[in-house]
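Taking it in order: structure first as structure tokens, then the write-up.
The chains referred to below are lettered A, B, ... by the order of the sequence lines, with proteins before strands, and numbering in each begins at 1.
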Protein chains: 2
Amino acid sequence: MDPIDELNENLVEFFDRMSSWEQSVIQQGKLNVAGAHAIEKLGQFGSMSMKDLSKALGVTTGTTTITVDRLEKGGYAVRERADNDRRSYIIRLTEKGNDAYLDHHRHHLSFAKEIAALLTDEEIECFTAVLEKINKEI
Amino acid sequence: MDPIDELNENLVEFFDRMSSWEQSVIQQGKLNVAGAHAIEKLGQFGSMSMKDLSKALGVTTGTTTITVDRLEKGGYAVRERADNDRRSYIIRLTEKGNDAYLDHHRHHLSFAKEIAALLTDEEIECFTAVLEKINKEI
DNA sequence: ACACATAGTTTGAATATCAAACAATATATA
DNA sequence: TATATATTGTTTGATATTCAAACTATGTGT
């Protein structure tokens, strides 16, 4: 079989499995999908404006307004006035929000651990190196 | 840095990039997300019943009814009566539906090709083998 | 000042999804 | 056979998600 075809099939299946896994993890928690994604971005990249958060999430600012409203009501995040621009807010995770992020992060880590357990040290090294290469260049 | 952390970070980023890529590919076409996913399953696994399609997609049969209605209206798929069970339909891709599947498949292939171009033969082999291993066991 | 641009919110509409009720058919049991 | 139960797919009513466009408030450039 063509190596490209083989790579493709495995990629597609892997992506499918990761999607299912991600969704099931989110559904275990109290957050909706949009909120969980927002918390992930805020946890990963730190506090940011509505606009930047929208861009990071790939949705309109209108949608982000709703998402952040919900996060605020749930006590996961707060809007803080930006120093330099009075139109703008900086969205910051609260302690509860950060806990939710860390919890999600722990899930990811245990997923990575589960994968690593299947592989030899050499395979882990190669797999990580390849992913890093792809992430850098695509 | 801990190899697990490193693996995790690269996995998360890779998944994120694949999600964006997938979404942008779908939005280029005329199908909505649900329809595109349904076509992907039907193309990959062949004609199947509403129930099986629902299971493959991870949604209720009610949702699948709507999705398949739309595919039929768009000329991408047809419901055919099952021989053995008169309650049941077999959902089959039309030629147009199959073209849409092949087109999507081509996008995937070119994505895989793009990735392969970044890697040495050895890396391709290792990456594919690791993905296969993970897919089998997770 | 004045026009134009930008950040975020609101609004109205379209779409997606689910759970539950339902109709038609199949299967099992008495 | 007759009757109860299960299953397949559809419909319905409710809720959630998202977008585009209009809008408010503020910033920037001429």
Problem - B:Lys133 bridged to B:Glu137 by N-O distance under 4.0 Å - result: no

Problem - Side chain to side chain, B:Glu6 and A:Glu132, heavy atoms closer than 4.5 Å - result: yes

Problem - Cluster check B:Ile66, B:Ile26: I/L/V/M/F/W/Y, side chain < 4.5 angstrom - result: no

Exercise for the section: Determine whether A:Val59 and A:Leu42 fall in the same hydrophobic cluster, where Ile, Leu, Val, Met, Phe, Trp and Tyr are linked whenever their side-chain heavy atoms lie under 4.5 Å apart. Expected result: yes

Problem - Contact residues, residues 33-45 of chain A to DNA chain C [heavy atom, < 4.0 Å] - result: none

Practice task
Indicate whether the side chain of B:Thr63 and that of B:Thr60 have a donor and an acceptor atom separated by less than 3.5 Å.
Solution key: yes

Handout entry: Selected nucleotide, minimal atom distance to A:Tyr89 side chain, candidates D:dT10, D:dT18, C:dT9
Key = C:dT9

Handout entry: Proximity to DNA chain D (any heavy atom under 4.0 Å), residues of residues 16-32 of chain B only
Key = none

Practice task
Starting from the C-alpha separation in whole Å, work towards a yes-or-no answer on side chain to side chain contact (heavy atoms under 4.5 Å, CB included) for A:Met48 and A:Arg92.
Solution key: CA-CA 7 Å; A:Met48 64 181 97; A:Arg92 185 174 61 74; over 6 Å; no

Exercise for the section: Rounded to the nearest angstrom, tell me the gap between atom CZ in A:Arg79 and atom P in C:dA7. Expected result: 16 Å

Exercise for the section: Side-chain contact test, heavy atoms from C-beta onward, threshold under 4.5 Å: evaluate it for B:Leu131 versus A:Leu7 and give yes or no. Expected result: yes

Completion exercise
To the nearest 10 degrees, the angle between the two end axes of the helix from C:dA1-D:dT30 to C:dA30-D:dT1 (five pairs per end) comes to 20°

Exercise for the section: Quickly work out the A:Asp69 CG to C:dT11 C1' distance and round it to whole Å. Expected result: 14 Å

Practice task
Name the residue closer to the 5' end of DNA chain D, choosing between A:Gly58 and B:Met50 according to the nucleotide with the nearest heavy atom.
Solution key: B:Met50

Fill in the blank from the handout: To the nearest angstrom, the CD1-C1' distance between A:Ile66 and C:dT11 comes to 10 Å

Exercise for the section: Would you check, one step at a time, whether the test side chain to side chain contact (heavy atoms under 4.5 Å, CB included) holds for B:Ile138 with A:Phe14? Expected result: CA-CA 10 Å; B:Ile138 282 196; A:Phe14 180 67; over 6 Å; no

Practice task
Measure from CG on A:Leu71 to P on D:dA16 and round the result to the nearest Å.
Solution key: 15 Å

Problem - Whichever hydrophobic residues join A:Leu109 through chains of side-chain contacts under 4.5 Å - result: B:Ile4

Practice task
Answer yes or no: is there a side-chain heavy-atom contact under 4.5 Å between A:Asn135 and B:Arg17?
Solution key: yes

Handout entry: Candidate pair B:His108 and A:Leu11, rule side chain to side chain contact (heavy atoms under 4.5 Å, CB included), full reasoning
Key = CA-CA 9 Å; B:His108 272 291; A:Leu11 265 179; over 6 Å; no

Practice task
Looking only at side-chain atoms of A:Ser49, point me to the closest of C:dG8, C:dT17, C:dT15.
Solution key: C:dG8

Practice task
Could you tell me whether the phosphate oxygens of C:dA7, OP1 or OP2, come under 4.0 Å of any side-chain nitrogen or oxygen in A:Ser88?
Solution key: no

Exercise for the section: Using a strict 4.0 Å threshold on nitrogen-to-oxygen distance, state whether A:Asp16 and B:Lys41 make a salt bridge. Expected result: yes

Problem - By ring-ring contact (aromatic ring centres under 6.0 Å, His included) - contacts of B:Phe111 (at least two apart) - result: B:Trp21

Handout entry: Interatomic distance where NZ belongs to B:Lys73 and C1' belongs to C:dT15 [whole Å]
Key = 13 Å

Exercise for the section: Check the pair B:Leu71, B:Leu31 against side chain to side chain contact (heavy atoms under 4.5 Å, CB included), reporting the backbone distance first and the verdict last. Expected result: CA-CA 9 Å; B:Leu71 290 181; B:Leu31 290 154; 3.8 Å; yes

With 3.5 Å as the limit, what N/O pairs link the protein to nucleotides 19-25 of chain C?
| from | atom 1 | to | atom 2 | distance (Å) |
| --- | --- | --- | --- | --- |
| C:dT25 | O2 | B:Arg87 | NH1 | 3.4 |

Practice task
Quickly work out the B:Arg70 CZ to D:dT10 P distance and round it to whole Å.
Solution key: 15 Å

Practice task
Measure from CG on B:Asn84 to C1' on D:dT8 and round the result to the nearest Å.
Solution key: 12 Å

Problem - Separation of D:dT8 P from B:Met48 CE (nearest whole Å) - result: 15 Å

